[in-house]
Every structure is written in structure tokens, then in C-alpha cells.
**Q** 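This is the structure, below, for whatever I ask next.
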Amino acid sequence: MTHAEHDRRSDAEQAVRAYAARAAAGAAAVVDAPDKDIDAALRRMAKRLEEARSALLAANDQDVEAAVAIGMSEGIQDRLRLTDARLDSMQAQLHALAAVPHEPRDTVIEVRPDGLTLSECRRPVGVIGANFEARPKVTLDIASQLLKSRNAGVLRTGSAALRSSRALMCQVIRPALSGAGLDPDVLQLLPGADHSAAHALVSLPELIPLVILRGSGKSTRDLSRAAARHGVRTLAHADGGGVLYVGPAADEETVHRLIVESLDRLGVCNRLNLLLIDRSCYDRLLPGVLATLDRVGVAASLPPHPHPHPLGYEWSLDPTRAATVTVAPANGPLHAARIAHQETSGLAAAIATQDPATAAQFIDAYTGTGVFWNSTTRLLDGYKLLRLPETGTSIDRIPGPRGPVTFRDLHLRQFVVVPTDTTTGRPQAHTSTHRRETECG
């Protein structure tokens with residue numbers, strides 16, 4: 001590392017520390033705020049999206065124009081772009097999030113025979129970091145999830161989406177928090193796009209113990225590894241790509257519908273990336289598949305592939321060939337599931353078949369994050385799948401949040417043991433009056 005790089009990283013770390021301290025100071029009031037105030041802030045965000053629409057679209061136009069000028073791929077441009085329809089969707093998701101009941105902070109697990117009560121307590125993580133590239137919508141997705149889960153946040157985006165993200169923070173998020181009587185400092189956006197700040201974000205476990213990494217490819221993988229070295233937990237999703245296996249008993253109309261539905265956006269991780277056709281019907285179904293791909297403007301990479309690449313090569317990350325799908329034969333559902341598991345990130349796989357036994361074989365054999373029968377992998381998205389906005393998707397193969405990560409996942413689990421009140425049979429009071437409690441089982 002050169003002296004200049006060392007100085008840049010040192011400056012970035014100091015800046016991230018300062019923003020994390022500001023967020024932590026603002027979190028104190030949010031932790032104890034009434035549920036209605038949290039939801040009021042979310043509804044105010046939805047209202048501000050409408051009131052600031054012109055300013056938001058103008059800032060985004062500048063980001064998109066800059067992306068086009070430097071030759072960013074169409075897939076990245078698609079992720080970057082805000083439209084009236086997308087702003088309408090963001091409003092709807094904020095209203096949906098505000099309407100969802102808050103999770104209970106204390107849940108009674110057992111009133112024990114020894115005179116003690118065991119409860120599980122949900123505690124906010126504290127300050128959560130987030131790093132995302134060319135995705136301005138994620139600014140609001142993550143901010144809203146952190147607020148609903150009563151966490152503070154330090155957000156960082158790259159230069160591609162910085163104008164849009166700043167506009168969302170200044171025009172929507174901060175005014176909404178202030179209007180609801182909450183401290184706007186609880187959510188911070190780093191002002192610059194220097195990548196040193198991203199590395200600082202994943203290297204401060206005492207201040208930012210958890211970082212959400214939204215992005216694809218090498219940079220996100222590098223940040224995940226850096227976080228692991230520093231003892232920072234991440235919810236990361238570096239690679240994606242949906243798989244569709246077409247079984248021998250597939251209905252052709254269903255296959256063509258799934259292809260179209262899975263390619264409505266080329267820059268998202270859960271789009272169709274690898275299309276496997278059972279060898280027994282490959283020659284029969286291939287012409288219709290190619291015609292459908294051609295109709296939606298997507299090329300097929302057929303065997304033998306003219307440019308050798310792994311079966312799971314992620315086309316959305318290719319700046320010149322994003323509009324491509326790999327097509328290959330598979331020897332039955334178990335072979336297809338094995339390919340989907342071993343050759344891709346394990347994000348999502350679907351099977352098209354009218355035969356329940358074949359579907360069951362594929363579903364049982366595939367161990368990825370989401371598996372779909374006669375439905376598109378594009379459903380592996382927070383709002384589509386869980387009817388909730390998300391911070392991102394986790395494809396971890398270890399215990400913890402998996403699939404779309406929502407506010408319900410952003411907490412620490414604590415066990416609390418207190419004496420049982422002999423009069424009521426309930427735990428003796430140990431929490432502030434606004435804490436809601438439920439019982440399990």
C-alpha cells in the first residue's frame with residue numbers, strides 16, 4: 001500500500017467513525033420511540049416521495065446520463081434508473097411496511113416449574129452499515145428497514161448513484177424523520193464515493209458490527225472477505241443468477257411464459273441466467289425457446305459455447321452481453337439440481353413440469369435459497385415474495401437470515417430469566433412500560 005493509499009484509508013476510517021458516532025447518538029431516541037412514531041415516519045417518507053418527485057427524478061437523470069457517458073452496461077443503467085412507476089412502487093412499499101405490526105420485543109418461552117420465567121428478548125443491533133452500488137432505490141429500502149427495526153445506519157454508495165441517494169436522504173428520509181419527531185441523525189449517508197470508505201465500513205466491529213452488502217461480483221466478495229478478517233458480520237450477496245430447468249413433462253406455454261417473466265429486467269440478480277432443458281426433450285423444445293428469447297431481445301449461448309464460459313456465468317455483470325442466457329441440456333431433475341447447486345451461487349432455481357414426482361425430485365435435491373415450481377425466480381425479492389421491502393438477499397448456507405432480509409431479521413437475540421410473579425403467573429416486571437410481550441406455544 002502506498003503512502004497516498006494509506007492516508008486515504010486513514011481519512012476514510014476517521015470519517016466513517018464520525019458518521020457512526022452521529023448515528024449511534026440518534027439511535028437512543030428511536031429505540032424507545034412509540035411504534036406509532038416509527039410508522040408515522042415511514043408514511044411521511046412515502047409522502048415526501050411524491051412532494052420531492054421532480055427533484056428526485058432530476059438528480060437521477062444526472063446519474064443516468066453520467067452512466068451512459070462512461071459506457072455502463074444496460075443492466076447497470078436499469079438498476080440505476082428511477083421512474084415514476086418505480087417511485088410509485090417505493091411509496092406503496094413504505095405504506096405496506098408502516099402497516100405491518102411491529103415484532104414483539106419480549107416473548108415468553110416458558111414459565112418454568114422452578115419459579116422462573118424464560119423469555120426471548122429482541123434487541124436492536126445498534127449501528128448497521130450498508131454498502132451498495134448503482135442502486136438508488138436501496139437507499140430507501142435499507143433506511144426504512146433500519147428504522148422499522150429501531151437500528152441506526154451508516155450508508156455508503158458509489159459514484160454512479162450518489163446524486164440520487166443524496167436526494168433521497170435530503171429530500172425524503174431526513175425530513176420524514178424530523179417531521180415524526182425522530183432524530184434525523186439516526187440514518188447517515190457518507191458524502192463521498194471513495195471506495196476506501198467501503199473498506200472502512202467493514203473494519204470497525206466495535207462501532208458497526210453488521211454490514212449489509214448489496215452488489216454483484218468481485219467488489220462485494222472482496223468486502224466480505226475484509227469484513228471477516230476484521231470480525232464484522234455481513235449480510236452479503238455478491239453473485240446471483242436464476243436457473244430454470246425444463247423437465248420432460250413441461251407445458252411449452254408455461255415454459256415460454258416463465259422465460260419472459262424471468263427476463264423483464266436484465267440487471268437484477270434473480271433474472272434467468274441459466275436455462276437447462278432435459279436432454280429427452282431438448283431438440284423438440286429448443287426452437288420454441290430460442291424464438292421466445294429472440295422475441296424479448298435476449299441471445300442464447302448454446303453448446304458448444306463460442307466463447308467458453310462456466311455454465312453459471314453471470315450475464316448481468318457482463319457490460320457487453322447482459323442480454324444473454326446460457327442454454328444447456330441436463331440429464332434429469334437430479335442432474336439439473338446438481339448443476340444449479342454447483343455451478344451457480346445457489347440463489348434460486350425453478351422447474352417447469354406438469355409431473356409432481358419430477359418436481360418433488362428437483363425441489364428435494366436443490367438446496368439453494370429459493371426453489372420454484374412453474375413460477376419465476378424473479379419472485380425471490382422481498383416485496384414480491386414476503387410482501388415486505390427488503391435490505392437485500394442473503395444466500396448464506398449457515399444458520400441466520402436467508403433469502404430476502406427484512407426488518408424482522410435485524411435484531412440480536414437475548415435470553416432473559418426472571419422470577420415468576422406468583423400472583424399472576426407472569427414474569428415479574430423488568431421492562432419499560434411500552435414493551436409489548438407475547439407468549440409462545
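One is the number of the first residue; the rest follow in order along the sequence.
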**Q** Are side-chain heavy atoms of Leu410 and Leu235 found at a separation under 4.5 Å?
**A** yes

**Q** Is Glu120 paired with Arg413 through a side-chain N to carboxylate O contact shorter than 4.0 Å?
**A** yes

**Q** Please identify each residue that fulfils side-chain contact (heavy atoms from CB on, under 4.5 Å) with Thr344, with sequence neighbours left out.
**A** Val243, Leu274

**Q** Could you grab the distance from atom CD1 of Ile351 to atom CG of Asp278, nearest 0.5 Å is fine?
**A** 9.0 Å

**Q** Please confirm whether the backbone N or O of Thr422 pairs with a side-chain atom of Thr420, one donor and one acceptor, at under 3.5 Å?
**A** no

**Q** For the pair Asp88 and Arg53, find out whether any cationic side-chain nitrogen is under 4.0 Å from an anionic carboxylate oxygen.
**A** yes

**Q** First locate atom CD of Glu390, then atom OG of Ser144, and finally report the distance between them rounded to the nearest 0.5 Å.
**A** 10.5 Å

**Q** Distance alone, cut at 3.5 Å: any donor-acceptor contact between the side chains of Thr376 and Ser262?
**A** yes

**Q** If the threshold is 4.0 Å, N to carboxylate O, is there a salt bridge linking Arg86 and Asp78?
**A** yes

**Q** Regarding Glu133 and Arg156, does a basic nitrogen lie under 4.0 Å from an acidic carboxylate oxygen?
**A** yes

**Q** In terms of side-chain geometry, is the basic nitrogen of Arg43 or Asp39 positioned less than 4.0 Å from the acidic oxygen of its partner?
**A** no

**Q** Could you check whether Asp37 pairs with Arg44 (Lys NZ or Arg NE/NH1/NH2 to Asp/Glu carboxylate O, under 4.0 Å)?
**A** no

**Q** Within 45° of the ring axis of Tyr19 and under 6.0 Å from its six-membered ring centre, is that where the NZ or CZ of Arg22 lies?
**A** yes

**Q** Which class fits the ring pair Trp315 and His309: parallel under 30°, tilted 30 to 60°, perpendicular over 60°?
**A** perpendicular

**Q** How far does CZ of Arg408 sit from OG of Ser149, to the nearest 0.5 angstrom?
**A** 12.0 Å

**Q** Have Asn374 and Thr254 got a donor and an acceptor in their side chains that come within less than 3.5 Å?
**A** no

**Q** Looking at Arg174 and Asp185, is there a salt bridge between them, counting it only when a charged N and a carboxylate O are closer than 4.0 Å?
**A** yes

**Q** Under the 3.5 angstrom rule, does the side chain of Thr377 hit a backbone N or O of Asn270 as a donor-acceptor pair?
**A** yes

**Q** Closer than 3.5 angstrom, by distance alone: can the side chain of Asn151 be matched with the main-chain N or O of Val125 as a donor-acceptor pair?
**A** yes

**Q** Between Asn273 and Glu314, what is the shortest heavy-atom contact and its length?
**A** OD1-CA, 3.6 Å

